Amino acid sequence: KVDTVGGKVGDSLRANLASVELNAELTRLRSDMEIGTPLSELLWGGVSSSELNQLLDKLEIKALKDRVKALGASDAETVTTKAVPTESKIVTKEVSAEDLSRLLSGRKEPIAISINAPEGKILEYSVALDETNLLIIRDSNLGKWWNDSSLPKYLHGAKEIIRNFPISGLDFDTELAAYLVNPGGRNLALDDLTERFLGVVNAEQEESLFSQFDGLGAISIMKLVPLLRKEISEREMSALMSDMEIPVLVELAEMESTGIGVDLDKLRELSGFFRNEVDRETSGAHKQAGREFNVGSPKQLQAILFDELNLPKTKKIKTGFTTDAESLDWLFAKTKHPILKHLLRIRETSKLLTTVDGLIDATANDGRIHTIFQQTVTATGRLSSTNPNLQNIPVRTEEGRKIRDCFVSKAPYTTLLTADYSQIEMRIMAHLSKDPGLIEAFKSGEDLHTTSASLVFGVKPTEVDAELRRQIKAISYGLAYGMGAYGLSQSLDIEVGAAQKLMDEYFKRFGGVRDYLANVVEVARKLGYTETIMGRRRYLPDLMHDNRQRREVAERMALNAPIQGSAADIIKLAMLNVQSELVKGGFTSRLLLQVHDELILEVIDKEVDAVTELVRREMGNAFPLKAPLNVGIGVGKNWNVAAH
Ligand code: DCT
Ligand code: MG
């Protein structure tokens, strides 16, 4: 047969006949194998949704879950491994708000509540009395029971509700609990927890305007609480949950609801100023380029800088050469080309403009900004805030600080008070490492960075200038963040060898720090988690990862988590203590914000001295560190003036 194939192809075929036959044999699908398992056992038997969901959660595969959901809906029931009371066992009753109030009056056993309140307006809600009895209330009013502190309440994501409807007796929050159990994880939505812990897929629980509110969330919460309580207690975080995180949640809700006053006219004026700057600098850049172009487009910028103006090339990136602020800075230092000055100024001012416009948008009708604190987001335990993000309000430049001028006290309040911890991370480092030199440096009352610099660089304290102080800060914090000699050389802009020498010198002075840092990673590897001074845990399974890069990232997290997390613990404790003392003393002044290591209060004139004293005391005594906490306090009409 092979002879019938002609031409070059035929020649080549005949020359390689052996490999052609071998390939044919290799690629043949054999149907005569002994497989040892009857075919009937290989039949598709449906999905074990609880096991699969646990696996997908563990692998952090979220997208597949929804697709599997659709697949498994019909088959799942037959093979679900966990015995879960199905929906049919739930007894649902619709009652009026009045009936509910009557029913709950005098009750001491906990209830779980799920509220349908898009945009802060209650449409309907449900109350689970236990794991099977569900009441649905189609009313926008809650009842007296909501403020009955002797009726324990379970919610999921309570802060969002109670910022509008202040509560008493909040006993447990399933979202907060799931976060504490694993602060590095995601998927804290009630549906996710329901799947993960109960193995139930609540088919279509998306609450759109069109779907009926079925209230089943309350049943899920009721069932989740004992499971999450157990997880938390096994991790020895019960006190952290009930004495810190829950009260913090309640306090944050109140602060969100209070908000901070802004001077809207001033903000608009600033916005106009920055817009002007951007416009002027943009025409300046166009003039230098000899034509108009979009200054915000990296692609067009590359064309102008590197093709048309023939400036030296910056670092190569996937899409050409980088035009980030740092490289424009470098390029300007090198070439002094005036277009770069315009471009850098545009970068600076358009960022400020965006911030200011964001603040204007976020200002509510009451002339205040009600930021949303995020309590369940960071892996370390620190708070953050959104809409607007107040950690982004610049503080380093004169123009940036003008934005802080717009945050003001409003009548009857006369004053903003800001109080922040100084060098809290290094104090925690001293406490955790018990390094005698570092503790002594704090106790001596001298400036820590000056003292360390004089020790490490071998100069007199009086010879430590701003530059040396900056360098020692980079070393101290760099080490706490797991930076090696290479990282340090980058941040100080010196040779790696010189950086290594500095590190050696540092560790010679502060050997306790070196031992602590080495130990913390090893302990974390053994236990699987790190711990803060209040027992807040961060689980780091990657410490055992085969991939070196993954492992090293986890190691840096292990170094940093106890320090950042303890700082979070301390500022939360301080916030709670300040608040309870304000209440106890019958003060009118109130807490507004917690940003980084800073608390911001709104104070009435005649309370300024007493509140200053109160805040200094409560923040200073929040936790007995071996290197005592240091609090800086300032007061003034606005956030900028109150800075210190
Ligand atoms: N920080 C850092 N790396 C640096 C400098 C600072 O990670 N090189 C972090 C940790 C502390 C925080 O920022 C606040 O910075 P500073 O106020 O500059 O630090 P400080 O220790 O409070 O020093 P100072 O006494 O100058 O305020
Ligand atoms: Mg500081």
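The residues of the chain are indexed from 1 along the displayed sequence. Predicted model, so just to flag it, every value in this text is computed and none were measured.
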(request) Would you please test R536 and E245 for salt bridge (charged side-chain N to carboxylate O under 4.0 Å, His left out) and show each step? (result) CA-CA 11 Å; R536 181 189 305 278; E245 294 296 337; 2.7 Å; yes
(request) Before accepting this row, confirm whether a basic side-chain N of the pair R470/E467 lies closer than 4.0 Å to the acidic partner's carboxylate O. (result) yes
(message) Can you tell me how the ring of F510 sits relative to the ring of Y506, calling it parallel under 30°, perpendicular over 60° and tilted otherwise?
(response) tilted
(message) Donor-acceptor check, side chain of H596 to backbone of E598, threshold 3.5 angstrom: yes or no?
(response) no
(request) To the nearest 0.5 angstrom, please state how far the OG atom of S385 sits from the CD1 atom of I369. (result) 10.5 Å
(message) Between D329 and R347 (salt bridge meaning N to carboxylate O under 4.0 Å), is one present in this structure?
(response) no
(message) Which heavy atom of S220 sits nearest to which heavy atom of L190, and what is that distance?
(response) CB-CD1, 4.3 Å
(message) With a 3.5 Å distance limit and no angle check, can you tell me whether T322 reaches the backbone of I317 through a side-chain donor-acceptor pair?
(response) no
(request) Check for a donor-acceptor pair, side chain of H545 on one end and backbone N or O of R550 on the other, with a separation under 3.5 Å. (result) no
(request) Evaluate the side-chain contact (heavy atoms from CB on, under 4.5 Å) criterion for residues N392 and T355: first the C-alpha distance (whole Å), next the side-chain angles of each, then the deciding distance (0.1 Å), finally the verdict. (result) CA-CA 8 Å; N392 267 351; T355 303; 5.6 Å; no
(message) Between the side chains of R617 and E613, is the shortest nitrogen-to-carboxylate-oxygen separation below 4.0 Å, so that they form an ion pair?
(response) yes
(request) Give a yes or no on whether K637 atom NZ has more than 12 heavy-atom contacts from other residues, nucleotides or ligands under 6.0 Å away. (result) yes
(request) Flag yes if more than 12 heavy atoms outside E160 fall under 6.0 Å of its CD atom; otherwise flag no. (result) no
(message) Once rounded to the nearest 0.5 Å, what's the spacing between atom OG1 of T174 and atom CG of L227?
(response) 11.0 Å
(request) Could you tell me whether the side chain of I424 reaches within less than 4.5 Å of the side chain of I571, counting heavy atoms only? (result) no
(request) Ignoring hydrogens and angles, state whether a donor on the side chain of Y477 or Q423 is under 3.5 Å from an acceptor on the partner side chain. (result) no
(request) Taking only Lys NZ, Arg NE, NH1 and NH2, and the carboxylate oxygens of Asp or Glu, determine whether K230 and E234 approach each other closer than 4.0 Å. (result) yes
(request) Please answer whether the main-chain N or O of A554 pairs with a side-chain N or O of D542 as donor and acceptor at a distance below 3.5 Å. (result) no
(message) So F457 and V464, do their side chains get closer than 4.5 Å, heavy atoms only?
(response) no
(request) Take atom CD of E326 as the centre, draw a 6.0 Å sphere, and report whether it contains more than 12 heavy atoms from other residues, nucleotides or ligands. (result) no
(message) Apply salt bridge (charged side-chain N to carboxylate O under 4.0 Å, His left out) to residues R401 and E398 and explain how you reach the verdict.
(response) CA-CA 5 Å; R401 282 193 293 272; E398 185 60 40; 3.2 Å; yes
(message) Measuring from atom CG of L155 to atom CD of E175, what distance do you get when rounded to the nearest 0.5 angstrom?
(response) 11.0 Å
(message) Looking at every non-hydrogen atom in both residues, tell me the closest pair between D173 and I246 and how far apart they are.
(response) N-CD1, 3.8 Å
(message) Does Q391, at its CD atom, have more than 12 non-hydrogen atoms belonging to other residues, nucleotides or ligands within less than 6.0 Å?
(response) yes
(request) Check whether any side-chain N or O of H431 sits under 3.5 Å from a backbone N or O of A627 as a donor-acceptor pair, and report yes or no. (result) no
(message) So that I can tick it off, tell me whether R509 and E505 are bridged by a salt bridge, with the cut-off set at under 4.0 angstrom between side-chain N and carboxylate O.
(response) yes
(message) Are L502 and L492 packed together at the side-chain level, in the sense that at least one heavy-atom pair is separated by less than 4.5 angstrom?
(response) yes
(request) Enter the distance from L599:CG to M575:CE here, rounded to the nearest 0.5 Å. (result) 7.5 Å
(request) Determine the minimum heavy-atom distance between N638 and V408, stating which atoms define it. (result) CB-CG1, 3.9 Å
(request) Identify the heavy atoms of G512 and D435 that sit nearest to each other, and give their distance. (result) N-OD2, 2.7 Å
(message) Give me the atom names and distance for the closest heavy-atom approach of V615 to A419.
(response) CG1-CB, 3.6 Å
(message) Atom CG of residue position D609 - does it have more than 12 heavy atoms of other residues, nucleotides or ligands inside 6.0 Å?
(response) no
(message) Quiz question: by atom type and distance under 3.5 Å, do the side chains of S589 and E607 form a donor-acceptor pair?
(response) yes
(message) For K402, is there an ion pair with E399 - N to carboxylate O distance below 4.0 angstrom?
(response) no
(message) Rounded to the nearest 0.5 Å, what separates atom CG in D405 from atom CG in N640?
(response) 4.5 Å
(request) Compare every heavy atom of T530 with every heavy atom of A524, then report the nearest pair and how far apart it is. (result) CB-CG2, 3.8 Å
(message) Rounded at 0.5 Å granularity, tell me how far CG in L592 sits from OG1 in T418.
(response) 11.5 Å
(request) Please determine if R235 forms a cation-pi arrangement with Y529, meaning its NZ or CZ atom is less than 6.0 Å from the six-membered ring centre and no more than 45° off the ring axis. (result) no
(request) Please report the C-alpha distance between R382 and E425 in whole Å, then the side-chain angles of each, then the deciding distance to 0.1 Å, and finally whether the salt bridge (charged side-chain N to carboxylate O under 4.0 Å, His left out) criterion is met. (result) CA-CA 13 Å; R382 278 191 177 273; E425 285 104 337; 3.8 Å; yes
(request) Please answer whether the main-chain N or O of A558 pairs with a side-chain N or O of R538 as donor and acceptor at a distance below 3.5 Å. (result) no
(request) Mark yes when over 12 heavy atoms from residues, nucleotides or ligands other than E463 sit less than 6.0 Å from its CD; otherwise mark no. (result) yes
(message) Between V631 and Y421, is there a side-chain heavy-atom distance shorter than 4.5 Å?
(response) yes
(request) Please check if the side chain of K572 supplies one atom and the backbone of G381 the other of a donor-acceptor pair under 3.5 Å. (result) yes
(request) Check the pair V611 / E602 against side-chain contact (heavy atoms from CB on, under 4.5 Å), numbers first and verdict last. (result) CA-CA 10 Å; V611 171; E602 195 169 32; over 6 Å; no
(message) Looking at R514 and D504, is any side-chain nitrogen of the basic one under 4.0 Å from a carboxylate oxygen of the acidic one?
(response) no
(request) Say whether, by atom type as modelled, one donor and one acceptor occur between the side chain of T386 and the main chain of N389 under 3.5 angstrom. (result) no
(request) May I ask you to test the F373-V248 pair for a side-chain heavy-atom distance under 4.5 Å? (result) no
(request) Please step through side-chain contact (heavy atoms from CB on, under 4.5 Å) for the pair M429 and V513, ending with a clear verdict. (result) CA-CA 8 Å; M429 171 70 95; V513 172; 4.0 Å; yes
(message) Could you tell me if the side chain of V595 sits less than 4.5 Å from the side chain of D420, heavy atoms only?
(response) no
(message) Within the structure provided, determine whether K315 and D324 are in side-chain contact (heavy-atom separation under 4.5 Å).
(response) no
(message) Under a 3.5 Å distance rule, please check whether R368 uses its side chain to pair with a backbone N or O of T258 as donor and acceptor.
(response) yes
(message) Evaluate T378 against Y179 for side-chain contact (heavy atoms from CB on, under 4.5 Å), listing each step before the verdict.
(response) CA-CA 9 Å; T378 71; Y179 163 72; 3.8 Å; yes
(message) Would the distance check show the side chain of T380 and the main-chain N or O of A561 forming a donor-acceptor pair, the cut-off being under 3.5 Å?
(response) no
(request) Compare all side-chain heavy atoms of I570 with those of R427 and state whether any distance is below 4.5 angstrom. (result) no
